[in-house]
Amino acid sequence: MSPHVDLSEARWRKSSWSGSTDSDCVEVAPVSRLIALRDSKAPDSGALFVTPTVWRALLHSVGHRTND
């Protein structure tokens, strides 16, 4: 179950890897004591919330991917 978090003041940002368009990317915003993630194509469809610890682990995992 997702926590009830007010996203009206969230400062969303997208990856620089997303290119010059605003489509096909994930946006991220720190809110309360969580990290919110949403689909840029459907910003009103809700968000996935993770803890900062989970977010750091995800970034670490993605940063250490190999092209196997």
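None of these values were measured; they are calculated from a predicted model.
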Given 3.5 Å as the limit, does a donor-acceptor pair link the side chain of S40 with the main chain of E27, or not? no
Show every salt bridge (Lys or Arg N to Asp or Glu O under 4.0 Å) that has at least one partner inside residues 43-52, sequence neighbours left out. none
With a 3.5 Å cut-off and sequence neighbours excluded, list the donor-acceptor pairs that the side chains of residues 45-53 form with protein atoms.
| residue | atom | partner | partner atom | Å |
| --- | --- | --- | --- | --- |
| T51 | OG1 | V54 | N | 3.2 |
| T53 | OG1 | R56 | NH2 | 3.4 |

Can you name the one residue among V28, L7, V26 that meets side chain to side chain contact (heavy atoms under 4.5 Å, CB included) with W12? L7
P30 to R11 - nearest heavy-atom pair and separation: CD-O, 4.4 Å
